[in-house]
Amino acid sequence: MPNELLYHFFDDDDFLMISEKIKEMEKITSGEIRVALKESVPYFKRKKDIKELAREEFHNLKMDETRDKTGILIFILLASRRFFIAADSGINSKVKQETWDKIRDEMESQFKLGHFVEGIVSAIDGVGNVLSDYFPIKSDDTNELSNKVVL
């Protein structure tokens with residue numbers, strides 16, 4: 001059954017809660033936040049590191065096409081328990097990767113305690129708060145990307 005591992009950790013209500021948190025945080029920033037949950041890496045991509053896989057997903061989701069280059073992706077590989085937060089060039093010009101790595105590490109700590117949804121929601125909160133400092137909501141802001149969790 002596809003997504004069997006995903007549904008071991010999450011249910012549909014959890015995905016809705018994550019999407020709602022993204023919607024809530026995007027009310028205070030012009031940044032575009034997405035969460036991608038993958039069970040595992042296809043065999044032909046197994047030699048790629050987590051950063052490379054996250055960047056590929058970022059591009060596949062067209063997150064690099066936002067108006068102000070302010071897309072950010074929380075990328076999670078469940079089977080291998082690897083995580084990466086990938087930001088677009090507009091964000092990277094103002095926020096160091098170490099900021100996202102710290103949020104990722106906090107999320108990973110929550111996962112180790114079995115708090116999967118809480119870890120993701122907390123990471124979205126952290127990302128949204130950082131983005132709101134550098135990229136506050138604009139009067140002409142539109143939601144450019146879906147808030148749904150990518151499975």
Side-chain angles (χ1 to χ4, degrees), residues 3 6 9-41 45 48-151:
N3 296 331
L6 283 173
F9 294 102
F10 306 97
D11 62 29
D12 289 334
D13 289 340
D14 295 333
F15 297 134
L16 183 60
M17 185 185 311
I18 293 166
S19 295
E20 287 298 317
K21 185 58 164 181
I22 292 170
K23 183 178 176 182
E24 176 189 329
M25 294 314 291
E26 286 185 352
K27 289 179 180 174
I28 62 169
T29 179
S30 59
E32 290 289 330
I33 305 166
R34 296 215 63 192
V35 173
L37 286 166
K38 302 293 178 185
E39 287 193 359
S40 58
V41 181
K45 291 185 178 185
K48 294 185 179 191
D49 68 17
I50 187 69
K51 181 178 180 179
E52 198 174 356
L53 293 167
R55 285 264 158 229
E56 277 184 14
E57 186 72 8
F58 190 92
H59 181 71
N60 290 341
L61 295 173
K62 300 191 182 321
M63 294 187 67
D64 51 351
E65 295 179 12
T66 61
R67 177 181 68 179
D68 298 323
K69 300 293 182 195
T70 54
I72 189 160
L73 176 66
I74 299 171
F75 184 75
I76 301 165
L77 283 175
L78 288 173
S80 58
R81 291 177 172 77
R82 294 187 291 162
F83 316 92
F84 192 80
I85 300 177
D88 207 347
S89 58
I91 295 171
N92 288 336
S93 68
K94 295 184 178 186
V95 184
K96 294 190 181 316
Q97 183 62 43
E98 292 80 35
T99 302
W100 310 128
D101 292 347
K102 185 176 179 214
I103 292 170
R104 174 208 61 207
D105 293 346
E106 291 168 8
M107 180 177 67
E108 187 174 9
S109 295
Q110 289 288 318
F111 271 51
K112 286 179 180 174
L113 296 171
H115 304 154
F116 305 108
V117 178
E118 297 88 343
I120 295 172
V121 167
S122 176
I124 295 166
D125 217 27
V127 164
N129 285 318
V130 170
L131 289 177
S132 70
D133 289 342
Y134 293 93
F135 306 96
I137 193 79
K138 296 178 177 180
S139 60
D140 65 344
D141 189 68
T142 58
N143 189 16
E144 297 177 75
L145 300 171
S146 170
N147 296 336
K148 288 184 179 174
V149 178
V150 179
L151 304 177

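The shown structure was predicted, so the numbers you read here are calculated from the model rather than taken from an experiment.
- Side-chain atoms of V127 and I124, non-hydrogen and from C-beta on, never get closer than 4.5 Å to each other.
- From F10, atom CZ reaches atom CG of L151 across 9.5 Å, with rounding to the nearest 0.5 Å.
- Looking at E39 and F9, their side chains never come closer than 4.5 Å, going by heavy atoms from C-beta outward.
- Looking at every heavy atom in both residues, L73 comes nearest to A54 through CD2-O, 3.7 Å.
- In this structure, E32 and L145 approach most closely via the heavy-atom pair OE1-N, 3.2 Å.
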Could you walk me through whether F58 and D88 pass the side-chain contact (heavy atoms from CB on, under 4.5 Å) test, one step at a time? CA-CA 9 Å; F58 190 92; D88 207 347; 3.6 Å; yes
Go through the steps for K48 and V41 under the test side-chain contact (heavy atoms from CB on, under 4.5 Å), then give the verdict. CA-CA 9 Å; K48 294 185 179 191; V41 181; over 6 Å; no
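- By the 4.0 Å N-to-carboxylate-O rule, K23 lies too far from E26 to be salt-bridged with it.
- Annotation: K102, atom NZ; neighbour count of heavy atoms from other residues, nucleotides and ligands within 6.0 Å does not exceed 12.
- Shown here for G126 and I103, the closest heavy-atom pair between the two residues is C-CD1, 3.5 Å.
- Separating the CG atom in D105 from the CD atom in E98 is a distance of 11.0 Å, to the nearest 0.5 Å.
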Would V130 and W100 satisfy side-chain contact (heavy atoms from CB on, under 4.5 Å), going step by step from the backbone distance to the final call? CA-CA 9 Å; V130 170; W100 310 128; 3.5 Å; yes
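- Using a 4.5 Å heavy-atom threshold, the side chains of D125 and V121 count as separate.
- Distance check: Q110 CD to E106 CD gives 9.0 Å after rounding to the nearest 0.5 Å.
- You'll find the side chain of K21 stays beyond 4.5 Å of the side chain of N147, heavy atoms only.
- The shortest side-chain heavy-atom distance between F135 and I91 falls under the 4.5 Å cut-off.
- Using a 4.5 Å heavy-atom cutoff, the side chains of K138 and R67 are in contact.
- Although no hydrogens or angles enter the test, the distance criterion places a donor-acceptor pair under 3.5 Å between the side chain of S93 and the main chain of G90.
- Scanning all heavy atoms of the two residues, the minimum distance from K148 to R34 falls at O-NH2, 3.5 Å.
- A salt bridge links D101 with R104: at least one charged nitrogen is closer than 4.0 Å to a carboxylate oxygen.
- Rounded to the nearest 0.5 angstrom, L37 CG and L6 CG are separated by 6.0 Å.
- Atoms CD1 and CD1, on I33 and I18 in that order, are 12.5 Å from each other to the nearest 0.5 Å.
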Could you walk me through whether I76 and F116 pass side-chain contact (heavy atoms from CB on, under 4.5 Å), step by step? CA-CA 11 Å; I76 301 165; F116 305 108; over 6 Å; no
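- R81 places none of its side-chain heavy atoms less than 4.5 Å from the side chain of F111.
- The minimum heavy-atom distance between L53 and R82, with the atom names listed, is CD1-NH2, 3.9 Å.
- Taken to the nearest 0.5 Å, the CD atom of E57 stands 13.5 Å off from the CD atom of E52.
- Between S19 and V149, the shortest heavy-atom contact is OG-N, 3.7 Å.
- Counting only heavy atoms from C-beta outward, the side chains of L131 and T70 never approach each other to under 4.5 Å.
- Residue-environment remark: NE2 (H115) exceeds the threshold of 12 foreign heavy atoms within 6.0 Å.
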